[in-house]
Visitor: 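Before anything else, here's the structure in question.
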Amino acid sequence: MPLEITFQSLRLQLSKLLPAACVVCGQSCFNIYSLCNECEYALPWTKTSCKQCGLEKDINTMVNMSCGHCLINPPVFNYCNAVFRYVSPVNKLVANFKFNAHFDAGHCLSSLMAKKMQNAYANEEKPQLIIPVPLHRNRIRKRGFNQALEIGKVVSRRCQIALAHSVVCRSRDTSPQTELRSAQARKLNLSNAFVVSDKAALRNSSFVVLLDDVVTTMATANAISKVLRHQGIRRIDVWCLARASR
Ligand SMILES: [Zn+2]
Ligand SMILES: [Zn+2]
């Protein structure tokens, strides 16, 4: 049995016996993903969002759940699903996971994403692959892990969708997109930054999920979607823990 599954079943058994500390309020809770019911209910879940860019919008300003911006400038991918708004406590949980390696917080948010994804595809076509947004090897060396891949491991296992962690790679160590001011600078920063490194892994797929922790500008998701489209991928759904706007 793979070590990860052993760890998960052990954790499940332990959670029945020993309370865990809720990742938000710190109180004891008997829950496999370390979140008490009150805090789960109070999380900033997204409500009405544009189906294409994932930003929360007033329902009266959208046409068929697409915002005005996406109707004029549709993204390269098909849909963007954000689980949460990027506000407290989600922004703190994500930062703790990413920069302080708090894997409990990451596991908790990933489990909630998996629940939402399971519901989203329960009565429709299911994606064949989950592709985590890659980090450049220099960034992985510094951080020690790729947060999108860690989220992908949990979601893949729960939703029974294969995880393809080395299909796309980041060939250049680009500046963080959030540090660049203009849309043009962000586009240039990412030009040719992604390559499909394992074409064979995509051969039997036409519908994939592109997964990231936080989507801010969409430039990264668009740049990766472009290289996936060139490989004949028909549908690309972006999934993120949170959708932030600049
Ligand atoms: Zn709590
Ligand atoms: Zn939109």
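Everything numeric here is computed off the predicted structure, so don't read it as measured data. Whatever order the structure lists ligands and atoms in, that order sets their numbers, starting from 1.
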Visitor: Would you call K51 and E56 a salt bridge, taking side-chain N to carboxylate O under 4.0 Å as the test?
Guide: no

Visitor: If you have a sec, read the angle at the Zn ion (ligand 1) from C22 atom SG over to C36 atom SG, to 10 degrees.
Guide: 120°

Visitor: If you count every heavy atom of other residues, nucleotides or ligands that lies below 6.0 Å from R234 atom CZ, does the total exceed 12?
Guide: yes

Visitor: Mind checking whether F97 and F103 have parallel, tilted or perpendicular rings, split at 30° and 60°?
Guide: perpendicular

Visitor: Would you check if the Zn ion (ligand 1) lies under 2.8 Å from any N, O or S atom of C39?
Guide: yes

Visitor: Could you confirm whether C80 has any N/O/S atom lying under 2.8 Å from the Zn ion (ligand 2)?
Guide: no

Visitor: Where the Zn ion (ligand 2) is the centre, what is the SG-to-SG angle for C53 and C67, rounded to 10°?
Guide: 120°

Visitor: Students often mix this up, so state it plainly: with edges at 30° and 60°, are the rings of F84 and W45 parallel, tilted or perpendicular?
Guide: tilted

